[in-house]
Amino acid sequence: MLQLKVIREEKKRIVAGLRKRNWTTAQIRVVDQIIKADDARRSTQKELDDMLAESNRLAKQIGALMGQGKKDEAEALKAQVAQLKTGSKELEDRMENLRNQLDEMLYTIPNCPHKSVPKGKTPEDNKVAKDWTKPFPNLPDDALPHWELAKKYNVFDLELGVKLTGAGFPVYRGKGARLQRALIQFFLDEAVKAGYEEILPPHLVNEDSARATGQLPDKEGQMYHCTVDNLYLIPTAEVPVTNIVRDEILSLKDLPIKMTAYTPCFRREAGSYGAHVRGLNRVHQFDKVEIVRVEHPNESYKALQGMVRHVEGIMRKLELPYRILLLCGGDMGFVSAKTYDFEVWSAAQKRWLEVSSVSCFETYQSNRLKLRFRDENGKTELAHTLNGSAMALARIVAALLENNQTPEGIKIPKVLWKYTGFKTLN
RNA sequence: GGAUAGGUGGGUGAGUGGCUGAAACCACCGGUUUGCUAAACCGACGCACGGGUAACCCUGUGCCCCGGGUUCGAAUCCCGGCCUAUCCGCCA
């Protein structure tokens with residue numbers, strides 16, 4: 001969530017940001033309500049603090065008087081303290097109320113888009129930051145979509161997944177399974193080469209972790225929940241990896257922190273059935289290598305560019321047609337300040353598939369995480385967090401299958417040969 | 001799953017209900033000394049939210065796992081919860 005301090009001090013910028021996210025004037029009114037509630041909170045706190053200070057002072061006096069054996073005087077003071085106590089109880093209740101109201105309102109405010117984020121309402125308004133200029137793979141008329149190719153070459157089996165688990169849980173087999181493993185290893189190696197520390201985190205997290213990265217309470221229904229133990233299956237490695245630095249105060253020399261992790265990702269995707277979800281386009285379990293960075297506020301946007309270049313490098317090595325989108329205010333995620341999406345051209349489906357999303361969250365995430373660092377003056381300050389997929393496996397596989405299909409089988413990009421052990425999937 | 005022990009500042013670890021936001025030691029940071037490193041010595045050394053017009057600074061409140069309670073006063077006593085460790089059982 002946004003910091004209260006920022007909303008108060010930079011109200012104009014925040015309001016402008018909300019407009020970029022297409023908030024109406026009526027919706028934006030909540031900003032003033034927040035400031036008003038905070039004013040009330042502050043004055044109530046002052047009142048409460050003063051009362052408690054007085055009560056503390058009297059308690060000390062009573063102790064002293066008792067020591068001197070002046071029992072009567074002490075008794076008189078006790079009555080006073082009792083009175084203060086009832087008053088402070090009431091104020092405490094009011095404080096808690098105000099605090100809750102404030103938090104509730106704060107949770108409704110999305111991150112403020114960076115000034116370079118374009119205006120817009122729908123995905124059509126996203127700015128193409130880099131377009132694919134070379135011709136798309138030239139496929140024959142009888143080219144198959146990846147779900148057909150999967151059957152033909154026994155890459156993965158969705159029906160079998162239904163038997164074992166349910167819809168949206170693919171079973172990869174043979175060379176398909178090997179390809180999956182090859183991609184994971186390739187992505188991890190690339191990240192490690194780029195200076196990211198490899199992490200293999202738990203795939204289940206507790207409520208605190210889910211809350212700190214904002215999956216709770218906002219996206220409760222998106223996660224699989226093991227109620228017996230109150231643990232959640234991670235929807236992305238971002239959750240456990242980012243929580244590594246939860247409640248930390250880092251020193252300058254700890255920055256930047258660069259971590260990468262492969263994990264399976266579990267998403268309920270409730271209510272998203274229908275068109276465009278065939279095959280691997282949208283599944284409940286998929287593999288992903290994530291990159292996460294913690295940065296000094298002055299460095300975060302440079303870091304964002306670095307991450308974009310990293311993902312782009314992977315795309316190139318995989319020889320896949322891709323484009324990079326700079327998301328507009330209306331299409332950007334709630335917690336992001338600036339997001340680039342990577343899309344890969346799926347030749348047989350003739351559409352772009354999102355395979356990576358790289359975002360800078362500024363302090364929006366670190367505020368909930370309580371992730372701070374000690375700055376040049378020794379003051380604690382919220383750090384900036386960023387993350388991105390590098391990459392999401394399932395859709396990359398879909399694109400690889402479709403774009404590289406030949407009569408002899410699926411051509412494997414050169415860079416993967418040493419991982420797959422074969423050059424053609426057939 | 002059963003039994004026991006325990007949760008204090010970055011770490012180790014003390015703490016008779018008031019003089020304890022918390023001893024001591026270590027680490028970190030600043031300084032002095034030093035040819036370098038090391039050592040020694042000195043000093044500072046928690047977080048959050050308020051107030052004093054902003055900064056340096058001064059000051060109030062809260063926080064010794066979390067939430068309640070007892071008390072004029074709780075890290076300290078009582079109740080509930082959570083977590084961790086060890087042993088037993090089960091087990092890849």
Side-chain angles (χ1 to χ4, degrees), chain A residues 1-11 34-106 200 202-212 216 225-232 240 243-255 257 294 363 366-383:
Chain A
M1 65 180 135
L2 284 178
Q3 294 175 85
L4 251 176
K5 199 181 75 183
V6 172
I7 293 178
R8 294 190 76 107
E9 289 170 6
E10 301 173 56
K11 187 178 148 190
I34 286 173
I35 293 174
K36 221 173 113 192
D38 188 46
D39 287 340
R41 194 204 101 235
R42 285 180 189 213
S43 65
T44 307
Q45 188 184 342
K46 178 92 180 78
E47 209 180 323
L48 175 62
D49 284 357
D50 289 347
M51 205 176 266
L52 290 173
E54 177 66 4
S55 156
N56 285 343
R57 202 180 57 77
L58 290 178
K60 272 188 186 148
Q61 244 181 54
I62 291 169
L65 289 170
M66 303 275 266
Q68 292 162 26
K70 297 179 182 167
K71 234 182 151 191
D72 294 348
E73 290 179 47
E75 286 304 325
L77 290 183
K78 277 190 195 179
Q80 276 189 51
V81 173
Q83 216 173 16
L84 285 170
K85 194 100 188 193
T86 39
S88 68
K89 273 249 161 54
E90 205 184 300
L91 283 175
E92 266 167 25
D93 289 349
R94 207 194 305 170
M95 271 293 276
E96 207 191 308
N97 251 317
L98 286 166
R99 203 44 279 170
N100 290 342
Q101 277 175 33
L102 246 175
D103 281 345
E104 232 167 86
M105 287 191 278
L106 278 173
L200 183 54
H203 299 166
L204 288 135
V205 293
N206 59 30
E207 210 182 311
D208 283 348
S209 294
R211 202 166 287 283
L216 292 178
H225 185 197
C226 309
T227 50
V228 197
D229 298 296
N230 195 26
L231 296 174
Y232 294 86
N243 268 282
I244 289 175
V245 288
R246 160 155 55 97
D247 291 324
E248 291 283 337
I249 299 179
L250 306 164
S251 55
L252 272 176
K253 64 176 194 301
D254 295 326
L255 299 174
I257 293 176
V294 179
T363 61
S366 54
N367 193 29
R368 259 206 229 183
L369 281 168
K370 296 197 180 65
L371 165 57
R372 293 155 295 174
F373 70 100
R374 216 171 284 286
D375 71 11
E376 294 78 355
N377 305 315
K379 289 202 139 196
T380 57
E381 205 182 320
L382 292 173

Earlier contact from the 5' end, RNA chain B, for L4(A) and L52(A): L4(A)

Earlier contact from the 5' end, RNA chain B, for K85(A) and R372(A): R372(A)

R368(A) (side chain) donor-acceptor with R211(A) (main chain) under 3.5 angstrom: yes

Minimum side-chain heavy-atom gap R41(A)-M95(A) below 4.5 Å: yes

E376(A) atom CD, neighbour heavy-atom count above 12 within 6.0 Å: yes

Rounded distance in Å between the C1' positions of C64(B) and G51(B): 26 Å

Spacing of the C1' atoms in U34(B) and C28(B) (rounded, Å): 22 Å

Touch class at under 4.0 angstrom, heavy-atom based, for K5(A) against every strand present: nothing

Pairing partner of C41(B) (Watson-Crick or G-U wobble, both distances under 3.5 Å): G31(B)

Same-atom distance (C1') from C63(B) to U20(B), integer angstrom: 14 Å

Interatomic distance at P, G60(B) relative to C72(B), whole Å: 25 Å

Sugar-phosphate, base or nothing in reach of R57(A), heavy atoms under 4.0 Å: nothing

Spacing of the P atoms in G6(B) and A14(B) (rounded, Å): 12 Å

Sugar-phosphate only, base, or nothing, as touched by T380(A) at under 4.0 Å among non-hydrogen atoms: sugar-phosphate

Backbone of S209(A) reached by a side-chain donor or acceptor of N243(A) within 3.5 Å: yes

A74(B) and C87(B), which share atom name C1', separated by this distance in whole Å: 34 Å

For C36(B), the Watson-Crick or wobble partner whose two distances fall under 3.5 Å: none

For U76(B), the Watson-Crick or wobble partner whose two distances fall under 3.5 Å: none

Segment of RNA chain B, first to last nucleotide, that comes within the 4.0 Å heavy-atom reach of chain A: G18(B) to G73(B)

Electrostatic pair K78(A)-E75(A), nearest N-O below 4.0 angstrom: yes

Touch class at under 4.0 angstrom, heavy-atom based, for R99(A) against every strand present: nothing

Touch class at under 4.0 angstrom, heavy-atom based, for I249(A) against every strand present: sugar-phosphate

Any-strand Watson-Crick or G-U partner of A24(B), both distances under 3.5 Å: U12(B)

Pairing partner (Watson-Crick or G-U wobble, both distances under 3.5 angstrom) of C83(B): G6(B)

G21(B) to G46(B) separation - P atoms, rounded to the nearest Å: 14 Å

Any D208(A) side-chain heavy atom under 4.5 Å of R246(A) side chain: yes

Presence of salt bridge, E54(A) and R57(A), under 4.0 angstrom: yes

Short N-O contact, D38(A) and R42(A), less than 4.0 angstrom: yes

Integer angstrom distance from the C1' of A22(B) to that of U12(B): 16 Å

Sugar-phosphate, base or nothing in reach of N56(A), heavy atoms under 4.0 Å: sugar-phosphate

Counterpart base for C49(B), defined by Watson-Crick or G-U wobble contacts under 3.5 Å: G60(B)

Sugar-phosphate, base or nothing in reach of L58(A), heavy atoms under 4.0 Å: nothing

